[in-house]
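Scroll down for the structure; my scribbles are underneath it.
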Amino acid sequence: MASSLNCSSYKKYEIRKRDPNPKTSALLVIDMQNKFSSFAKPILSNTITTIDLCRRASIPVFFTRHCHKSLADSGMLGEWWDNDIIFDGTVDSELIPEIERLAEADEVVEKTTYSAFEKTRLKEMLVEKGVEEVIITGVMTNLCCETTARDAFGKGFRVFFSTDATATLDLELQEATLKNMAFGFAYLVDCKRLQQGFFPD
């Protein structure tokens, strides 16, 4: 069963507290595709809310789409997942309709492995826009979201990781990633925290 956490979940593992700076942040919406709809649909509302908050704060939004042209470009993923990979041009490879509509005016980064930085121009695109911080949302929390967050940290970006707009297979995996992120890589946020940070009363 897919799992995300409720809106106060960041408090459980939070070690360091900080709000993203809208002037230097970007939102990354990771792999909200039909293939992962069972994970993506439960967090759809929170993901759309996060996108809306970021757009209202003039924060650039980047979407990723995981897809392969053939087995030849699947690397270790092909072996690990018994060649059950997402081929470009299939329904599974498409962003879910509600996200597809939102992504029309933004950058969509195509990737072939867990990290959105590997063999893509994502870092260059972020640097071109003066981005110093990234907010991570999407699926799966413990695979593509976590790997992208770790890579972002290693590349010098300050990382914020959503607790209520990320999801994965089960609660144990979700919480393991949040605990790891809070310990060594990312500040935890959720919709309410972003709302308060971007638009304080």
Side-chain angles (χ1 to χ4, degrees), residues 1-32 36-64 95-96 98-99 101-103 105-106 116 126 129 131-150 152-153 157-201:
M1 188 173 198
S3 184
S4 61
L5 295 180
N6 64 38
C7 282
S8 62
S9 58
Y10 67 85
K11 295 178 182 178
K12 182 173 182 180
Y13 296 115
E14 183 175 67
I15 297 173
R16 299 167 181 84
K17 183 180 292 187
R18 189 181 184 118
D19 292 321
N21 179 357
K23 294 181 179 179
T24 57
S25 292
L27 174 65
L28 306 184
V29 183
I30 306 294
D31 299 353
M32 291 287 282
F36 307 116
S37 61
S38 62
F39 309 129
K41 289 295 178 70
I43 60 163
L44 184 57
S45 177
N46 286 339
T47 303
I48 291 173
T49 295
T50 304
I51 293 168
D52 179 62
L53 286 169
C54 288
R55 285 182 169 163
R56 285 168 51 202
S58 300
I59 292 172
V61 181
F62 295 82
F63 297 82
T64 72
L95 297 176
I96 60 176
E98 296 89 342
I99 296 297
R101 287 192 290 271
L102 295 175
D106 294 292
L126 294 173
K129 291 184 179 291
V131 171
E132 299 173 1
E133 305 179 347
V134 293
I135 304 163
I136 306 288
T137 63
V139 296
M140 297 169 63
T141 307
N142 57 312
L143 295 180
C144 295
C145 295
E146 178 171 347
T147 307
T148 297
R150 287 171 179 260
F153 183 91
F157 294 98
R158 184 174 294 114
V159 181
F160 296 84
F161 201 94
S162 175
T163 61
D164 66 350
T166 54
T168 191
L169 185 64
D170 59 44
L171 185 60
E172 186 176 4
L173 290 172
Q174 179 81 10
E175 292 198 325
T177 288
L178 297 182
K179 191 172 183 179
N180 273 325
M181 288 292 103
F183 184 80
F185 300 97
Y187 299 94
L188 302 183
V189 295
D190 60 14
C191 293
K192 184 177 179 180
R193 182 73 166 271
L194 292 175
Q195 170 83 39
Q196 293 171 341
F198 295 160
F199 309 104
D201 294 334

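Quick note: numbers below take in every heavy atom, side chains included, and nothing from hydrogens, waters or symmetry partners. Computed from a predicted model, the values in this text were never measured in an experiment. Numbers for residues simply follow the sequence, beginning at 1.
- Going from atom CG of Asn46 over to atom CD1 of Ile51 covers 11.0 Å, rounded to the nearest 0.5 Å.
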Open item on the list: Apply salt bridge (Lys or Arg N to Asp or Glu O under 4.0 Å) to residues Lys179 and Glu14 and explain how you reach the verdict.
Closed with: CA-CA 8 Å; Lys179 191 172 183 179; Glu14 183 175 67; over 6 Å; no
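- The shortest distance between side-chain heavy atoms of Thr177 and Phe161 falls below 4.5 Å.
- To the nearest 0.5 angstrom, Ser162 atom OG is 7.0 Å from Leu194 atom CG.
- Counting only heavy atoms from C-beta outward, the side chains of Leu27 and Thr50 approach each other to under 4.5 Å.
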- [ ] Quick one: do Met32 and Lys41 satisfy side-chain contact (heavy atoms from CB on, under 4.5 Å)? Show the steps, please.
- [x] CA-CA 9 Å; Met32 291 287 282; Lys41 289 295 178 70; over 6 Å; no
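- In this structure, the side chains of Phe198 and Cys54 come closer than 4.5 Å at one or more pairs of heavy atoms.
- With respect to Val61, the side-chain contact (heavy atoms from CB on, under 4.5 Å) criterion is satisfied by exactly one of Asp52, Leu102, Asp106, Thr137: Asp106.
- From Cys191, atom SG reaches atom CZ of Arg193 across 13.0 Å, with rounding to the nearest 0.5 Å.
- Shortest non-hydrogen contact noted between Ile30 and Cys145 is CB-SG, 3.9 Å.
- In this structure, the side chains of Thr163 and Val189 stay at 4.5 Å or more apart for every pair of heavy atoms.
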Task: Working for side-chain contact (heavy atoms from CB on, under 4.5 Å), residues Met181 and Tyr13 - done: CA-CA 9 Å; Met181 288 292 103; Tyr13 296 115; over 6 Å; no
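- Environment of CZ in Phe199: crowded, with over 12 heavy atoms of neighbouring residues, nucleotides or ligands closer than 6.0 Å.
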TODO: Just do the side-chain contact (heavy atoms from CB on, under 4.5 Å) check on Ile15 and Phe183 with the steps written out, would you?
DONE: CA-CA 7 Å; Ile15 297 173; Phe183 184 80; 4.2 Å; yes
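- The side-chain hydrogen bond (donor to acceptor under 3.5 Å, both in side chains) search around Thr64 returns Asp31, not counting sequence neighbours.
- Contacts classified as salt bridge (charged side-chain N to carboxylate O under 4.0 Å, His left out) and involving residues 131-144 (residues at least two apart or in different chains) are given here: Glu133-Arg158.
- Residues Asp164 and Ile43 have side chains not in contact (no heavy-atom distance under 4.5 Å, counting atoms from C-beta outward).
- Partners of Phe153 by ring-ring contact (aromatic ring centres under 6.0 Å, His included), not counting sequence neighbours, listed by chain and number: Phe185.
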TODO: Under the side-chain contact (heavy atoms from CB on, under 4.5 Å) rule, what do Thr168 and Thr166 come out as? Steps first, then yes or no, please.
DONE: CA-CA 7 Å; Thr168 191; Thr166 54; over 6 Å; no
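- Under the side-chain contact (heavy atoms from CB on, under 4.5 Å) criterion, Asn180 pairs with Glu146, Arg150, not counting sequence neighbours.
- Leu53 CG to Gln196 CD: the interatomic distance, rounded to the nearest 0.5 Å, is 11.0 Å.
- Ile96 CD1 to Ser37 OG: the interatomic distance, rounded to the nearest 0.5 Å, is 7.5 Å.
- In this structure, Phe157 and Leu126 have side chains that are in contact, with non-hydrogen atoms separated by less than 4.5 Å.
- For the side-chain contact (heavy atoms from CB on, under 4.5 Å) test, residues two or more places apart in sequence or in another chain that qualify with Pro60 are Ala26, Phe62, Lys129, Val131.
- Put simply, CG on Leu173 and CE on Met140 are 7.0 Å apart, with the number rounded to the nearest 0.5 Å.
- When the side-chain contact (heavy atoms from CB on, under 4.5 Å) test is applied to Arg101, the partners found at least two apart in sequence or on another chain are Pro97, Glu98.
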